[in-house]
Amino acid sequence: MDKTFTARRRRDLIIAAALAGLAALAPLFIKDVYVQNIMILTLMYAALSQSWNILSGYCGQISLGHALYFGIGAYTTELLFTKFGVLPWFGMLAGGMIAAIIAMGLGYPFFRLRGHYFVIATIVIAEIGLLLFQNWEWAGAAMGITVPVRGDSWLKFQFMRSKLPYFYFALVLCSLAWFVTWWLEDSKWGFWWRAVKDNPEAAESLGVVVFNSKMGAAAVSAFLVAVGGAFYAQFLAYIDPESVMGFQFSLLMALPAVLGGIGTLWGPVLGAVILIPMTELTRSYIGGSGRGVDLIVYGALIVAISLALPQGLVSLFSRSKAKGATR
Amino acid sequence: MGLLYGLIAVGLALIFGLMDVTNFAHGEFLMIAMYLSFFLFAFFAIDPLLSAPLVAAAMFVFGAVVYLLVVRFAMRAKANAGMVQIFTTFGLAILMRGLAQFFFTPDYRSIPQSWAGGKTVSVAGIFLPEPQLIGAAVSIAAFAGLYFFIHRTDFGRALEATREDPGAVALVGIDKNRVFAFGWGLGAALVGLAGAIMAVFFYIYPDVGASFALIAYVTVALGGFGSVFGAFAGGIIVGLVEATTALLLPPSLKSVGIYAVYLLVVFIRPRGLFGSM
């Protein structure tokens with residue numbers, strides 16, 4: 001295992017660097033703002049999905065409440081910015097930290113729950129967060145917060161004239177999430193997570209500190225998602241509870257990883273690259289009628305892919321590995 | 001209201017308890033049932049309370065077909081089985097919502113005048129809306145019927161047995177797929193009954209299911225997965241908690257009480273109130 005494993009890891013890193021380089025050059029050729037917008041969203045969802053994948057894919061603790069951390073990142077940044085004038089960069093870090101702390105705080109009671117009880121608990125806690133924010137007057141309640149325009153600057157992380165800075169930040173975020181996953185995959189935590197996912201009791205008996213490794217996964221995952229939330233808030237310059245903390249968002253975050261291949265390094269990226277442009281295109285070309293055709297296509301596709309490729313699209317590239325995994 | 005939650009949840013619990021599949025399209029089943037009774041009323045002027053058995057029967061067929069066409073295949077997945085089921089049923093939910101928008105438009109509809117709609121009955125000095133009372137009565141009857149069905153009939157025993165050990169059941173000559181399709185049909189029929197009653201006092205629109213679905217999962221989990229009785233009890237608790245929080249907190253926060261009670265219960269008993277360990 002050792003030699004091929006290290007070789008594969010080195011190859012993965014080279015491929016990732018090459019892809020990131022190519023992506024960085026893409027805006028030189030693609031000037032269309034609409035397409036750029038889709039590329040930014042794709043990178044953002046890839047980053048979010050990669051972060052979600054750390055807790056849910058690698059560690060096997062399926063969370064459908066990650067919108068909570070996303071919302072916390074978005075709200076921390078914007079509340080600090082609009083109420084206290086704190087620069088979004090600090091807000092982003094603060095939001096990430098708060099989300100990680102909350103994730104660990106929730107971990108204490110939550111990680112005792114198994115299977116569906118855990119999944120429902122994550123949905124429920126995100127829903128509580130949503131309802132509280134919707135009723136919190138100081139934070140704009142259901143109306144949300146409109147981010148005041150202070151002009152183009154990296155300092156304030158606001159850009160009016162061009163979308164390119166957002167694009168590059170999303171690329172950095174996506175690369176960061178990928179790299180963290182890559183790095184953790186071969187760390188002590190990475191091995192612990194896989195052991196915890198496969199069989200918690202056996203892992204425990206072999207000396208894996210199950211609880212701590214779950215906590216670690218939750219903290220890293222929540223931190224990265226919250227940074228994504230901060231980015232999204234600056235990018236749209238407007239947030240409201242439903243759009244950053246709704247249940248839909250938790251699912252949107254999970255879908256690319258599930259379609260691409262859950263618990264794999266490339267699954268989230270692959271899933272996002274296929275899913276997000278498709279979502280955006282169906283929405284703008286056939287969804288405009290408001291008659292739900294986009295939902296029909298989208299829903300049918302999700303059903304089709306989950307039935308045809310239960311291990312995600314990644315399994316198409318590594319047939320032999322996929323077979324080994326089913327055993 | 002609690003009894004209706006119970007009825008919605010019992011259908012979900014049946015499907016879950018039967019084969020460990022969470023139906024994330026359960027809310028959409030409810031939505032379709034509501035539309036069905038709406039159209040029966042609009043075109044044939046059949047009162048929703050009378051058409052309820054009809055809707056339940058139609059939903060039975062619908063549930064069984066959904067199982068045979070889609071869910072059956074999701075259960076075959078060996079890897080990531082849990083995720084495949086979650087996303088297959090979730091994809092179904094989106095698909096159904098899209099279809100509803102396409103055919104019925106996103107407009108809100110309501111059944112203007114049903115036989116019981118808008119009437120109130122005075123019970124010991126407290127005025128209660130009649131449709132809700134009828135709903136409560138139907139829920140209790142349906143629950144009793146289901147309980148009897150599962151514990152007293154051959155088919156019910158086959159359901160239970162298939163749940164316990166699908167492999168052994170096949171040896172005895174019971175067709176697993178038939179049993180499961182029947183189970184899905186039954187689950188859908190129960191939610192169909194609930195939908196028909198709720199059509200009397202709720203607006204009907206494509207997303208209506210979503211608002212009840214989460215409460216239904218919470219209800220089932222509160223009672224404990226795998227326990228039909230638990231789901232019913234969970235429904236009653238959820239109804240009571242909702243009514244209590246509505247008194248203490250602003251209406252927009254009334255679900256928070258339900259969620260909080262769920263968290264409290266599973267932290268103390270990680271398997272729900274009546275769940276098997």
Side-chain angles (χ1 to χ4, degrees), chain A residues 56-57 60 62 64 108-110 112-121 123-125 127-128 131-132 134-135 141-142 247-248 251 254-255 257-259 261-263 287 289-312 315 322 325-327, chain B residues 16 20 22 24-25 70-71 73-74 76-106 206 210 213-214 217-218 220-222 224-225 249-250 252-256 258-260 262-264 266-267 270-272 275:
Chain A
S56 302
I62 295 165
L64 289 180
Y108 271 100
F110 276 28
R112 288 173 51 222
L113 304 174
R114 288 279 169 81
H116 293 272
Y117 293 97
F118 179 82
V119 178
I120 293 174
I123 300 176
V124 158
I125 199 74
E127 206 66 16
I128 291 178
L131 289 170
L132 291 180
Q134 274 176 343
N135 286 277
F247 176 59
Q248 298 295 332
L251 280 158
L255 274 177
V258 173
L259 293 187
I262 186 171
S289 60
R291 301 218 59 185
V293 184
D294 54 331
L295 292 180
I296 299 174
V297 175
Y298 195 45
L301 213 96
I302 294 170
V303 175
I305 296 184
S306 19
L307 288 181
L309 295 164
Q311 303 184 44
S315 62
T326 48
R327 232 172 270 144
Chain B
F16 185 90
D20 238 38
T22 311
F24 271 81
V70 182
V71 182
F73 300 101
R76 282 201 196 140
K78 289 188 187 71
N80 297 328
M83 285 314 273
V84 170
Q85 288 157 7
I86 289 177
F87 282 93
T88 306
T89 52
F90 179 71
L92 266 179
I94 297 184
L95 181 64
M96 281 158 71
R97 232 179 281 169
L99 287 170
Q101 250 184 51
F102 184 75
F103 288 112
F104 311 142
T105 74
L214 182 58
Y217 306 133
V218 169
V220 177
L222 191 65
F225 281 116
L249 295 171
S252 50
L253 280 172
K254 68 177 181 186
S255 321
V256 168
I258 300 174
Y259 302 146
Y262 168 73
L263 293 177
L264 200 70
V266 291
F267 292 157
R271 293 277 157 191

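Each chain gets a letter, A, B and so on, in the order the sequences are listed, and its residues count up from 1.
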| query | Roughly how far apart are A:Ile128 CD1 and B:Tyr262 OH, rounded to 0.5 Å? | reply |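 A:Ile128 CD1 to B:Tyr262 OH: 11.0 Å, rounded to 0.5 Å.
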| query | Considering residues at least two apart in sequence or located in another chain, which fulfil the side chain to side chain contact (heavy atoms under 4.5 Å, CB included) criterion with A:Leu255? | reply |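 Residues passing side chain to side chain contact (heavy atoms under 4.5 Å, CB included) with A:Leu255: A:Leu275, A:Tyr298, A:Ile302, B:Phe87.
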| task | Output all residues satisfying side chain to side chain contact (heavy atoms under 4.5 Å, CB included) with B:Ala25, sequence neighbours left out; order by chain, then residue number. | result |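 B:Asn23, B:Phe29, B:Leu92, B:Ala93, B:Met96.
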| field | Taking every non-hydrogen atom, the tightest pair across A:Ile120 and B:Val218 | value |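 Shortest heavy-atom separation between A:Ile120 and B:Val218 comes out as CG2-CG2, 4.2 Å.
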| query | Taking all non-hydrogen atoms of both residues, which atom of B:Leu263 and which atom of A:Ala121 are closest, and how far apart? | reply |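 Closest heavy-atom pair between B:Leu263 and A:Ala121: CD2-CB, 4.0 Å.
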